[in-house]
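A short write-up of the structure that comes next.
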Amino acid sequence: MFPDGEVTELAANTIATSMYAQCDVDGNEYLLLEAFVDHQKSDAALTLEQQKTNHNGKPSIRKSTAGWKLCCQWLDGSTSWVRLSELKESHPVQVAKYAVAAGIDHEPAFNWWVRHVLKKRDRIIAQVKQRNARYLKKTHKFGIEMPKSVQEALELDKKNGNNLWGDAIKKEMQNVRNAFDILPDGTTAPIGYQQVRCHMIFDVKMEDFWRKARLVAGGHTTEAPPTLTYASVVSRETVRIALTMAALHGLPIMAAAVMNAYVTAPNKEKIWTTLGPEFGSDCGKKAIIVRALYGLKSAGAAFRSHLGECMRNLGYKPCLADPDLWMKPEYDPSDSFKYWSYILCYVDDILVIHHQPEDVIKKIDKYFPLKPGSNGKPDMYPGTKLREITFTNGEKAWAMSPSKYMQESVSNCVKHVKANMSDMFNLPKKAINPFPTDYEPMEDGTPELDAEHASYYQQLIGIMRWMVEIGRIDIDTQVLMLASHVALPQQGHMSAALHIMAYLRDHHNSRMVFDAHEPEIVKSDFKKYDWQEFY
(Lines give C-alpha, C1' and ligand atoms only; values in the text may rest on other atoms or scores of the structure.)
Protein backbone atom coordinates (compact mmCIF):
# COMPACT_ATOMS: atom_id res chain seq x y z
CA MET A 1 0.00 0.00 0.00
CA PHE A 2 1.27 3.47 -0.91
CA PRO A 3 1.07 6.42 1.52
CA ASP A 4 -1.77 7.91 -0.55
CA GLY A 5 -3.88 4.79 0.00
CA GLU A 6 -3.33 3.11 -3.35
CA VAL A 7 -2.77 -0.63 -3.35
CA THR A 8 -0.67 -2.59 -5.83
CA GLU A 9 -0.39 -6.34 -6.30
CA LEU A 10 3.07 -6.13 -7.86
CA ALA A 11 5.81 -6.38 -5.24
CA ALA A 12 8.43 -3.64 -5.28
CA ASN A 13 11.22 -6.18 -5.25
CA THR A 14 9.78 -7.91 -8.33
CA ILE A 15 9.88 -4.59 -10.18
CA ALA A 16 13.39 -3.92 -8.88
CA THR A 17 14.52 -7.36 -10.03
CA SER A 18 13.23 -6.59 -13.50
CA MET A 19 15.10 -3.25 -13.49
CA TYR A 20 18.37 -4.79 -12.34
CA ALA A 21 18.03 -7.61 -14.88
CA GLN A 22 18.45 -5.03 -17.62
CA CYS A 23 22.02 -4.22 -16.54
CA ASP A 24 25.35 -5.96 -16.56
CA VAL A 25 27.95 -5.52 -13.81
CA ASP A 26 28.93 -2.13 -15.22
CA GLY A 27 25.35 -0.87 -15.42
CA ASN A 28 25.02 -1.27 -19.19
CA GLU A 29 21.74 -2.54 -20.60
CA TYR A 30 21.89 -6.21 -21.47
CA LEU A 31 18.53 -7.70 -22.43
CA LEU A 32 17.40 -10.44 -24.76
CA LEU A 33 14.33 -8.32 -25.36
CA GLU A 34 15.09 -5.30 -27.52
CA ALA A 35 11.67 -3.68 -27.91
CA PHE A 36 7.93 -4.12 -28.28
CA VAL A 37 6.94 -3.36 -31.87
CA ASP A 38 3.20 -4.07 -31.97
CA HIS A 39 0.18 -5.26 -30.01
CA GLN A 40 -3.09 -7.03 -30.68
CA LYS A 41 -6.21 -8.08 -28.81
CA SER A 42 -8.80 -10.76 -29.46
CA ASP A 43 -12.50 -11.03 -28.65
CA ALA A 44 -11.51 -12.54 -25.30
CA ALA A 45 -10.22 -9.15 -24.15
CA LEU A 46 -12.42 -7.21 -21.74
CA THR A 47 -14.09 -3.98 -22.80
CA LEU A 48 -14.38 -1.03 -20.43
CA GLU A 49 -18.04 -1.92 -19.82
CA GLN A 50 -17.26 -5.58 -19.15
CA GLN A 51 -14.56 -4.54 -16.70
CA LYS A 52 -17.03 -2.85 -14.41
CA THR A 53 -18.56 -5.09 -11.76
CA ASN A 54 -19.92 -5.11 -8.21
CA HIS A 55 -18.44 -6.84 -5.20
CA ASN A 56 -20.59 -7.07 -2.07
CA GLY A 57 -22.66 -4.22 -3.39
CA LYS A 58 -19.67 -1.96 -4.02
CA PRO A 59 -18.41 -0.86 -7.48
CA SER A 60 -15.29 -2.74 -8.51
CA ILE A 61 -13.34 -3.73 -11.62
CA ARG A 62 -12.27 -7.05 -13.07
CA LYS A 63 -8.51 -7.46 -13.39
CA SER A 64 -7.52 -9.52 -16.40
CA THR A 65 -4.95 -9.46 -19.21
CA ALA A 66 -6.74 -12.13 -21.26
CA GLY A 67 -6.90 -11.66 -25.02
CA TRP A 68 -3.85 -9.40 -25.34
CA LYS A 69 -0.51 -10.16 -26.99
CA LEU A 70 2.57 -8.02 -27.67
CA CYS A 71 5.00 -8.49 -30.54
CA CYS A 72 8.54 -8.74 -29.12
CA GLN A 73 11.65 -7.93 -31.08
CA TRP A 74 14.67 -9.80 -29.71
CA LEU A 75 18.32 -8.84 -29.86
CA ASP A 76 19.02 -11.39 -32.58
CA GLY A 77 16.53 -9.56 -34.85
CA SER A 78 13.73 -12.12 -34.63
CA THR A 79 10.18 -11.31 -33.52
CA SER A 80 7.43 -13.30 -31.83
CA TRP A 81 4.01 -12.75 -30.25
CA VAL A 82 3.88 -13.31 -26.49
CA ARG A 83 0.87 -13.22 -24.17
CA LEU A 84 0.55 -10.09 -22.05
CA SER A 85 0.07 -12.22 -18.93
CA GLU A 86 3.62 -13.59 -19.32
CA LEU A 87 5.27 -10.29 -20.19
CA LYS A 88 3.57 -8.52 -17.29
CA GLU A 89 5.44 -10.84 -14.91
CA SER A 90 8.81 -10.95 -16.71
CA HIS A 91 9.09 -7.35 -17.99
CA PRO A 92 6.57 -5.24 -16.03
CA VAL A 93 8.41 -1.93 -16.40
CA GLN A 94 8.99 -2.27 -20.16
CA VAL A 95 5.37 -3.30 -20.78
CA ALA A 96 4.08 -0.37 -18.73
CA LYS A 97 6.26 2.09 -20.65
CA TYR A 98 5.10 0.63 -23.99
CA ALA A 99 1.43 0.85 -22.98
CA VAL A 100 1.79 4.54 -22.18
CA ALA A 101 3.73 5.26 -25.37
CA ALA A 102 1.21 3.36 -27.51
CA GLY A 103 -1.76 5.06 -25.84
CA ILE A 104 -3.34 1.82 -24.64
CA ASP A 105 -2.77 2.25 -20.92
CA HIS A 106 -6.48 3.07 -20.49
CA GLU A 107 -7.49 -0.38 -21.77
CA PRO A 108 -8.90 -2.85 -19.19
CA ALA A 109 -5.81 -5.07 -19.51
CA PHE A 110 -3.54 -2.20 -18.45
CA ASN A 111 -5.44 0.47 -16.51
CA TRP A 112 -5.38 -1.39 -13.19
CA TRP A 113 -1.60 -1.87 -12.92
CA VAL A 114 0.48 0.22 -15.34
CA ARG A 115 0.62 3.48 -13.38
CA HIS A 116 1.35 1.59 -10.16
CA VAL A 117 4.41 -0.04 -11.75
CA LEU A 118 5.76 3.22 -13.13
CA LYS A 119 5.16 5.02 -9.85
CA LYS A 120 6.88 2.27 -7.89
CA ARG A 121 9.80 2.29 -10.32
CA ASP A 122 10.31 6.01 -9.78
CA ARG A 123 10.15 5.56 -6.01
CA ILE A 124 12.74 2.76 -6.07
CA ILE A 125 15.12 4.93 -8.11
CA ALA A 126 14.53 7.88 -5.77
CA GLN A 127 15.23 5.74 -2.69
CA VAL A 128 18.44 4.34 -4.18
CA LYS A 129 19.65 7.87 -4.92
CA GLN A 130 18.64 8.95 -1.42
CA ARG A 131 20.56 6.07 0.17
CA ASN A 132 23.67 6.84 -1.84
CA ALA A 133 23.57 10.43 -0.61
CA ARG A 134 22.53 9.88 2.99
CA TYR A 135 24.06 6.66 4.16
CA LEU A 136 26.26 4.67 1.83
CA LYS A 137 29.00 7.27 2.11
CA LYS A 138 29.36 6.22 5.75
CA THR A 139 31.64 3.22 5.63
CA HIS A 140 31.29 0.43 8.18
CA LYS A 141 32.45 -3.15 7.98
CA PHE A 142 31.27 -5.82 10.41
CA GLY A 143 29.86 -2.93 12.45
CA ILE A 144 33.29 -1.25 12.78
CA GLU A 145 33.65 2.32 11.52
CA MET A 146 36.18 2.60 8.70
CA PRO A 147 38.45 5.62 8.15
CA LYS A 148 38.99 7.16 4.73
CA SER A 149 42.34 8.85 5.37
CA VAL A 150 45.35 8.63 7.65
CA GLN A 151 44.15 11.63 9.64
CA GLU A 152 40.68 10.12 10.11
CA ALA A 153 42.23 6.80 11.19
CA LEU A 154 44.22 8.53 13.92
CA GLU A 155 41.12 10.42 15.02
CA LEU A 156 39.20 7.14 15.32
CA ASP A 157 42.00 5.70 17.47
CA LYS A 158 41.70 8.70 19.75
CA LYS A 159 37.93 8.33 19.85
CA ASN A 160 38.10 4.58 20.60
CA GLY A 161 40.91 4.89 23.12
CA ASN A 162 43.30 2.54 21.29
CA ASN A 163 45.99 2.58 18.60
CA LEU A 164 44.71 -0.15 16.30
CA TRP A 165 44.64 1.92 13.10
CA GLY A 166 47.90 3.71 13.95
CA ASP A 167 49.71 0.40 14.45
CA ALA A 168 48.32 -0.88 11.15
CA ILE A 169 49.64 2.20 9.29
CA LYS A 170 53.07 1.90 10.91
CA LYS A 171 53.32 -1.78 10.03
CA GLU A 172 52.31 -1.17 6.40
CA MET A 173 54.87 1.60 5.88
CA GLN A 174 57.67 -0.59 7.25
CA ASN A 175 56.81 -3.20 4.62
CA VAL A 176 56.27 -1.06 1.50
CA ARG A 177 59.05 1.54 1.67
CA ASN A 178 61.24 -0.67 -0.51
CA ALA A 179 58.68 -0.25 -3.31
CA PHE A 180 59.75 3.38 -3.76
CA ASP A 181 62.99 4.73 -5.21
CA ILE A 182 63.06 8.29 -3.85
CA LEU A 183 64.52 10.83 -6.27
CA PRO A 184 66.96 13.55 -5.14
CA ASP A 185 65.42 16.95 -4.43
CA GLY A 186 64.91 18.98 -7.59
CA THR A 187 64.96 15.91 -9.86
CA THR A 188 62.14 15.48 -12.38
CA ALA A 189 60.54 12.17 -13.25
CA PRO A 190 62.05 10.31 -16.24
CA ILE A 191 60.47 10.81 -19.66
CA GLY A 192 57.80 8.23 -20.46
CA TYR A 193 56.76 7.64 -16.84
CA GLN A 194 53.14 8.15 -15.78
CA GLN A 195 52.22 9.93 -12.56
CA VAL A 196 49.82 8.42 -10.03
CA ARG A 197 48.65 9.43 -6.58
CA CYS A 198 49.09 7.01 -3.69
CA HIS A 199 46.82 6.84 -0.67
CA MET A 200 46.09 4.63 2.30
CA ILE A 201 43.05 2.35 2.38
CA PHE A 202 41.74 0.50 5.41
CA ASP A 203 40.13 -2.85 6.06
CA VAL A 204 38.95 -5.14 8.84
CA LYS A 205 39.99 -8.77 8.42
CA MET A 206 37.24 -11.28 9.04
CA GLU A 207 39.50 -13.85 10.71
CA ASP A 208 39.75 -11.96 14.01
CA PHE A 209 38.61 -8.44 13.06
CA TRP A 210 42.09 -6.94 13.31
CA ARG A 211 42.70 -3.65 11.52
CA LYS A 212 44.68 -3.51 8.31
CA ALA A 213 46.11 -0.54 6.39
CA ARG A 214 47.28 -0.77 2.80
CA LEU A 215 49.13 1.84 0.73
CA VAL A 216 47.77 1.68 -2.82
CA ALA A 217 48.42 3.49 -6.06
CA GLY A 218 45.69 5.16 -8.08
CA GLY A 219 46.16 2.82 -11.02
CA HIS A 220 42.83 3.88 -12.51
CA THR A 221 44.52 7.05 -13.78
CA THR A 222 47.11 5.19 -15.86
CA GLU A 223 46.84 3.47 -19.21
CA ALA A 224 46.06 -0.23 -18.96
CA PRO A 225 48.95 -2.54 -19.93
CA PRO A 226 48.28 -4.85 -22.90
CA THR A 227 48.77 -7.98 -20.78
CA LEU A 228 46.70 -9.72 -18.10
CA THR A 229 46.03 -7.41 -15.15
CA TYR A 230 44.64 -9.54 -12.31
CA ALA A 231 45.54 -12.37 -9.93
CA SER A 232 42.99 -15.10 -9.34
CA VAL A 233 42.55 -17.10 -6.11
CA VAL A 234 41.93 -20.74 -5.38
CA SER A 235 38.23 -21.59 -5.10
CA ARG A 236 36.59 -22.75 -1.88
CA GLU A 237 35.52 -25.96 -3.64
CA THR A 238 39.15 -26.72 -4.49
CA VAL A 239 40.18 -26.15 -0.87
CA ARG A 240 37.52 -28.54 0.37
CA ILE A 241 38.45 -31.23 -2.15
CA ALA A 242 42.14 -30.86 -1.30
CA LEU A 243 41.44 -31.24 2.43
CA THR A 244 39.47 -34.39 1.68
CA MET A 245 42.31 -35.76 -0.47
CA ALA A 246 44.81 -35.05 2.32
CA ALA A 247 42.68 -37.05 4.76
CA LEU A 248 42.21 -39.84 2.22
CA HIS A 249 45.98 -40.28 1.74
CA GLY A 250 46.98 -39.42 5.29
CA LEU A 251 49.14 -36.47 4.20
CA PRO A 252 50.11 -33.62 6.56
CA ILE A 253 49.23 -30.00 5.75
CA MET A 254 51.13 -26.80 6.47
CA ALA A 255 50.16 -23.19 5.91
CA ALA A 256 52.20 -20.01 5.40
CA ALA A 257 51.60 -16.40 4.39
CA VAL A 258 53.69 -14.25 2.07
CA MET A 259 54.63 -10.87 3.55
CA ASN A 260 53.28 -8.03 1.40
CA ALA A 261 52.71 -10.35 -1.52
CA TYR A 262 52.44 -7.89 -4.41
CA VAL A 263 55.46 -5.86 -3.31
CA THR A 264 57.66 -8.94 -3.68
CA ALA A 265 57.21 -8.75 -7.47
CA PRO A 266 58.92 -6.18 -9.72
CA ASN A 267 56.76 -3.44 -11.23
CA LYS A 268 56.01 -3.86 -14.94
CA GLU A 269 54.81 -0.28 -15.47
CA LYS A 270 56.69 3.03 -15.64
CA ILE A 271 55.15 4.94 -12.73
CA TRP A 272 56.18 7.81 -10.43
CA THR A 273 54.41 9.53 -7.55
CA THR A 274 54.66 12.29 -4.98
CA LEU A 275 54.97 10.88 -1.45
CA GLY A 276 52.19 11.61 1.04
CA PRO A 277 52.09 12.38 4.79
CA GLU A 278 52.42 8.71 5.73
CA PHE A 279 56.10 8.96 4.61
CA GLY A 280 56.93 11.41 7.41
CA SER A 281 59.98 13.55 6.61
CA ASP A 282 59.96 12.38 2.97
CA CYS A 283 56.48 13.83 2.40
CA GLY A 284 56.33 15.84 -0.84
CA LYS A 285 59.31 14.15 -2.50
CA LYS A 286 59.11 12.41 -5.88
CA ALA A 287 59.72 8.68 -6.17
CA ILE A 288 59.75 5.93 -8.79
CA ILE A 289 57.54 2.93 -7.92
CA VAL A 290 59.83 -0.06 -8.51
CA ARG A 291 57.70 -2.86 -7.00
CA ALA A 292 54.20 -4.09 -7.89
CA LEU A 293 52.38 -1.79 -5.48
CA TYR A 294 48.73 -2.57 -4.76
CA GLY A 295 46.42 -0.57 -6.99
CA LEU A 296 48.56 -0.64 -10.12
CA LYS A 297 46.78 -2.30 -13.02
CA SER A 298 49.52 -4.84 -13.57
CA ALA A 299 50.26 -5.55 -9.88
CA GLY A 300 48.09 -8.65 -9.63
CA ALA A 301 49.46 -10.14 -12.83
CA ALA A 302 53.03 -9.26 -11.81
CA PHE A 303 52.68 -11.09 -8.50
CA ARG A 304 51.00 -14.10 -10.08
CA SER A 305 53.75 -14.30 -12.71
CA HIS A 306 56.35 -14.09 -9.94
CA LEU A 307 54.52 -16.79 -7.98
CA GLY A 308 54.20 -18.99 -11.06
CA GLU A 309 57.94 -18.74 -11.65
CA CYS A 310 58.53 -19.92 -8.09
CA MET A 311 56.10 -22.83 -8.42
CA ARG A 312 57.58 -23.99 -11.73
CA ASN A 313 61.11 -23.85 -10.33
CA LEU A 314 59.89 -26.16 -7.56
CA GLY A 315 58.55 -28.57 -10.19
CA TYR A 316 54.84 -27.76 -9.79
CA LYS A 317 52.37 -27.10 -12.58
CA PRO A 318 48.91 -25.45 -12.42
CA CYS A 319 45.81 -27.63 -12.40
CA LEU A 320 43.67 -27.23 -15.52
CA ALA A 321 40.48 -27.09 -13.44
CA ASP A 322 41.83 -24.42 -11.05
CA PRO A 323 45.06 -22.60 -12.02
CA ASP A 324 45.66 -21.57 -8.39
CA LEU A 325 46.08 -25.21 -7.40
CA TRP A 326 49.67 -26.21 -8.17
CA MET A 327 50.40 -29.94 -8.37
CA LYS A 328 53.41 -32.22 -8.64
CA PRO A 329 53.80 -36.03 -8.69
CA GLU A 330 55.58 -37.12 -5.51
CA TYR A 331 56.95 -40.28 -3.88
CA ASP A 332 57.02 -41.02 -0.15
CA PRO A 333 60.04 -43.30 0.44
CA SER A 334 58.79 -44.35 3.88
CA ASP A 335 56.01 -46.50 2.41
CA SER A 336 56.67 -46.32 -1.37
CA PHE A 337 53.45 -44.33 -1.82
CA LYS A 338 53.03 -42.37 -5.06
CA TYR A 339 50.72 -39.38 -4.90
CA TRP A 340 50.17 -35.79 -6.05
CA SER A 341 51.52 -33.01 -3.88
CA TYR A 342 49.45 -29.79 -3.86
CA ILE A 343 50.12 -26.13 -3.17
CA LEU A 344 47.00 -23.95 -2.90
CA CYS A 345 47.40 -20.19 -3.33
CA TYR A 346 44.86 -17.65 -2.06
CA VAL A 347 46.77 -14.46 -2.97
CA ASP A 348 49.32 -14.36 -0.12
CA ASP A 349 48.01 -17.39 1.83
CA ILE A 350 49.64 -20.70 0.90
CA LEU A 351 48.55 -24.23 1.83
CA VAL A 352 50.95 -27.13 1.24
CA ILE A 353 49.89 -30.80 1.13
CA HIS A 354 53.01 -33.00 1.10
CA HIS A 355 54.55 -35.85 3.08
CA GLN A 356 57.22 -33.35 4.22
CA PRO A 357 55.51 -29.95 3.93
CA GLU A 358 58.19 -28.21 6.04
CA ASP A 359 60.75 -28.72 3.26
CA VAL A 360 58.43 -27.21 0.67
CA ILE A 361 57.72 -24.19 2.89
CA LYS A 362 61.46 -23.57 3.34
CA LYS A 363 61.96 -23.60 -0.43
CA ILE A 364 59.12 -21.12 -0.94
CA ASP A 365 60.63 -18.86 1.73
CA LYS A 366 63.72 -18.48 -0.47
CA TYR A 367 61.57 -16.87 -3.17
CA PHE A 368 59.15 -14.93 -0.96
CA PRO A 369 59.69 -13.61 2.56
CA LEU A 370 57.04 -15.31 4.68
CA LYS A 371 55.30 -13.63 7.59
CA PRO A 372 56.93 -14.50 10.91
CA GLY A 373 54.93 -17.07 12.82
CA SER A 374 52.67 -17.91 9.86
CA ASN A 375 54.26 -21.33 9.25
CA GLY A 376 52.54 -24.30 10.83
CA LYS A 377 49.35 -26.30 10.83
CA PRO A 378 46.55 -24.34 9.14
CA ASP A 379 44.35 -22.49 11.59
CA MET A 380 42.37 -20.12 9.35
CA TYR A 381 41.99 -20.67 5.59
CA PRO A 382 40.39 -18.88 3.80
CA GLY A 383 38.47 -16.97 6.44
CA THR A 384 37.29 -20.06 8.33
CA LYS A 385 38.66 -21.98 11.29
CA LEU A 386 40.43 -25.21 10.27
CA ARG A 387 40.85 -28.07 12.68
CA GLU A 388 42.02 -31.67 12.37
CA ILE A 389 39.65 -34.09 14.09
CA THR A 390 39.96 -37.78 14.93
CA PHE A 391 37.16 -40.31 14.44
CA THR A 392 36.41 -43.08 16.90
CA ASN A 393 38.30 -45.55 14.68
CA GLY A 394 41.46 -43.44 14.95
CA GLU A 395 41.37 -42.03 11.42
CA LYS A 396 41.68 -38.28 10.92
CA ALA A 397 39.95 -35.65 8.79
CA TRP A 398 39.85 -31.87 8.44
CA ALA A 399 36.93 -29.73 9.52
CA MET A 400 36.06 -26.15 8.63
CA SER A 401 34.13 -23.94 11.06
CA PRO A 402 32.86 -20.35 10.66
CA SER A 403 32.16 -20.11 14.41
CA LYS A 404 34.69 -17.34 15.15
CA TYR A 405 33.48 -15.22 12.26
CA MET A 406 29.86 -15.66 13.34
CA GLN A 407 30.51 -14.75 16.96
CA GLU A 408 32.30 -11.55 16.00
CA SER A 409 29.65 -10.64 13.42
CA VAL A 410 26.82 -11.19 15.90
CA SER A 411 28.71 -9.18 18.54
CA ASN A 412 29.11 -6.25 16.12
CA CYS A 413 25.45 -6.57 15.13
CA VAL A 414 24.33 -6.39 18.76
CA LYS A 415 26.46 -3.27 19.31
CA HIS A 416 25.08 -1.59 16.17
CA VAL A 417 21.46 -2.36 17.05
CA LYS A 418 21.91 -1.14 20.60
CA ALA A 419 23.58 2.09 19.49
CA ASN A 420 21.48 2.96 16.45
CA MET A 421 18.25 0.92 16.34
CA SER A 422 17.21 0.12 19.90
CA ASP A 423 14.05 2.21 19.61
CA MET A 424 12.68 -0.06 16.85
CA PHE A 425 14.58 -3.37 16.81
CA ASN A 426 16.40 -5.84 19.01
CA LEU A 427 17.70 -9.39 18.83
CA PRO A 428 15.39 -11.99 20.38
CA LYS A 429 16.64 -13.41 23.67
CA LYS A 430 16.03 -16.93 22.37
CA ALA A 431 15.96 -18.24 18.79
CA ILE A 432 15.39 -21.97 18.35
CA ASN A 433 14.95 -21.76 14.57
CA PRO A 434 16.40 -19.41 11.92
CA PHE A 435 12.97 -17.85 11.25
CA PRO A 436 10.17 -16.90 13.62
CA THR A 437 7.34 -19.43 13.59
CA ASP A 438 5.09 -19.22 10.49
CA TYR A 439 6.89 -16.13 9.14
CA GLU A 440 6.62 -15.58 5.37
CA PRO A 441 8.71 -12.70 3.94
CA MET A 442 6.58 -12.44 0.81
CA GLU A 443 3.48 -11.78 2.92
CA ASP A 444 5.11 -9.14 5.13
CA GLY A 445 2.92 -6.02 5.29
CA THR A 446 4.94 -3.91 7.71
CA PRO A 447 6.13 -0.39 6.79
CA GLU A 448 9.19 0.10 4.59
CA LEU A 449 12.57 0.75 6.21
CA ASP A 450 14.09 4.20 5.97
CA ALA A 451 17.30 4.71 4.01
CA GLU A 452 19.70 4.15 6.92
CA HIS A 453 18.03 0.99 8.21
CA ALA A 454 17.61 -0.37 4.67
CA SER A 455 21.34 0.02 4.06
CA TYR A 456 22.17 -1.85 7.26
CA TYR A 457 19.71 -4.57 6.25
CA GLN A 458 21.70 -5.01 3.03
CA GLN A 459 24.89 -5.32 5.08
CA LEU A 460 23.32 -8.05 7.21
CA ILE A 461 22.24 -9.98 4.14
CA GLY A 462 25.78 -9.77 2.75
CA ILE A 463 27.25 -11.01 6.04
CA MET A 464 24.82 -13.92 6.25
CA ARG A 465 25.32 -14.90 2.60
CA TRP A 466 29.03 -15.18 3.32
CA MET A 467 28.22 -17.36 6.36
CA VAL A 468 26.35 -19.71 4.02
CA GLU A 469 29.35 -19.77 1.69
CA ILE A 470 31.74 -20.80 4.46
CA GLY A 471 29.57 -23.56 5.87
CA ARG A 472 26.30 -22.46 7.48
CA ILE A 473 24.06 -24.14 4.92
CA ASP A 474 21.31 -24.48 7.54
CA ILE A 475 20.33 -20.81 7.03
CA ASP A 476 20.61 -20.85 3.23
CA THR A 477 16.86 -20.90 2.49
CA GLN A 478 16.00 -18.16 4.97
CA VAL A 479 18.82 -15.88 3.80
CA LEU A 480 17.83 -16.31 0.14
CA MET A 481 14.21 -15.45 0.98
CA LEU A 482 15.28 -12.24 2.74
CA ALA A 483 17.84 -11.42 0.02
CA SER A 484 15.01 -11.16 -2.54
CA HIS A 485 13.79 -8.08 -0.63
CA VAL A 486 17.00 -6.03 -0.48
CA ALA A 487 15.69 -3.50 -3.03
CA LEU A 488 12.89 -2.31 -0.76
CA PRO A 489 13.02 -4.07 2.63
CA GLN A 490 10.35 -3.70 5.29
CA GLN A 491 10.51 -3.61 9.06
CA GLY A 492 9.41 -7.24 9.29
CA HIS A 493 12.30 -8.27 7.07
CA MET A 494 14.75 -6.51 9.38
CA SER A 495 13.25 -8.28 12.39
CA ALA A 496 13.59 -11.62 10.59
CA ALA A 497 17.23 -10.88 9.73
CA LEU A 498 17.96 -10.05 13.38
CA HIS A 499 16.20 -13.28 14.35
CA ILE A 500 18.68 -15.20 12.18
CA MET A 501 21.55 -13.38 13.89
CA ALA A 502 20.10 -14.40 17.26
CA TYR A 503 19.85 -17.99 16.02
CA LEU A 504 23.52 -17.89 15.00
CA ARG A 505 24.40 -16.42 18.40
CA ASP A 506 22.78 -19.42 20.11
CA HIS A 507 24.03 -22.01 17.56
CA HIS A 508 27.44 -20.76 16.47
CA ASN A 509 29.41 -23.91 17.19
CA SER A 510 29.16 -25.77 13.89
CA ARG A 511 31.67 -27.31 11.52
CA MET A 512 31.81 -28.95 8.11
CA VAL A 513 33.85 -32.19 8.19
CA PHE A 514 35.53 -33.46 5.02
CA ASP A 515 35.21 -37.17 5.66
CA ALA A 516 37.17 -39.29 3.16
CA HIS A 517 35.25 -42.47 4.03
CA GLU A 518 32.98 -43.90 1.38
CA PRO A 519 29.39 -43.68 2.69
CA GLU A 520 27.49 -46.87 3.31
CA ILE A 521 24.40 -46.83 1.11
CA VAL A 522 21.83 -49.58 1.52
CA LYS A 523 20.23 -49.80 -1.93
CA SER A 524 17.28 -51.73 -0.56
CA ASP A 525 16.20 -48.60 1.33
CA PHE A 526 15.32 -46.92 -1.97
CA LYS A 527 12.13 -47.89 -3.72
CA LYS A 528 12.21 -48.52 -7.45
CA TYR A 529 9.94 -46.52 -9.73
CA ASP A 530 9.37 -46.53 -13.44
CA TRP A 531 10.06 -43.01 -14.73
CA GLN A 532 9.86 -43.81 -18.45
CA GLU A 533 6.47 -42.17 -18.90
CA PHE A 534 7.92 -38.87 -17.71
CA TYR A 535 10.80 -38.85 -20.18
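Please read these numbers as outputs of a predicted model, since none were measured by experiment.
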Atom [atom1] of [X] with >12 non-hydrogen neighbours under 6.0 angstrom:
X    : atom1 : answer
R177 : CZ    : yes
I182 : CD1   : yes
R465 : CZ    : no
K97  : NZ    : no

To the nearest 0.5 Å, what is the distance between CG (L296) and CD (Q194)? 10.0 Å
Measure the CG-CZ distance between L215 and F279 for me, rounded to the nearest 0.5 Å. 5.0 Å
Checking side-chain contact (heavy atoms from CB on, under 4.5 Å) between L251 and each of H355, E330, M245, which is the one that passes? H355
Side-chain donor/acceptor of [X] to backbone N/O of [Y], under 3.5 Å:
X    : Y    : result
S484 : M481 : yes
Q73  : A35  : no
D365 : L370 : yes
T274 : K285 : no
S401 : S510 : yes
K328 : L314 : yes

The test is side chain to side chain donor-acceptor pair (under 3.5 Å); show your working for Q407 and S403 and say whether it passes. CA-CA 6 Å; Q407 291 182 72; S403 177; 3.1 Å; yes
H485 ring center near Y457 ring center (under 6.0 Å): no
Under the side chain to side chain donor-acceptor pair (under 3.5 Å) criterion, do N420 and Y456 qualify, and how do the steps go? CA-CA 10 Å; N420 304 285; Y456 185 67; over 6 Å; no
Is the shortest side-chain heavy-atom distance between M400 and I470 below 4.5 Å? no
Flag the pair R211 / V204 as yes when at least one side-chain heavy-atom distance between them is below 4.5 Å, and no otherwise. yes
One pair to check against side chain to side chain donor-acceptor pair (under 3.5 Å): Y367 and T264. What are the steps and the verdict? CA-CA 9 Å; Y367 287 87; T264 61; over 6 Å; no
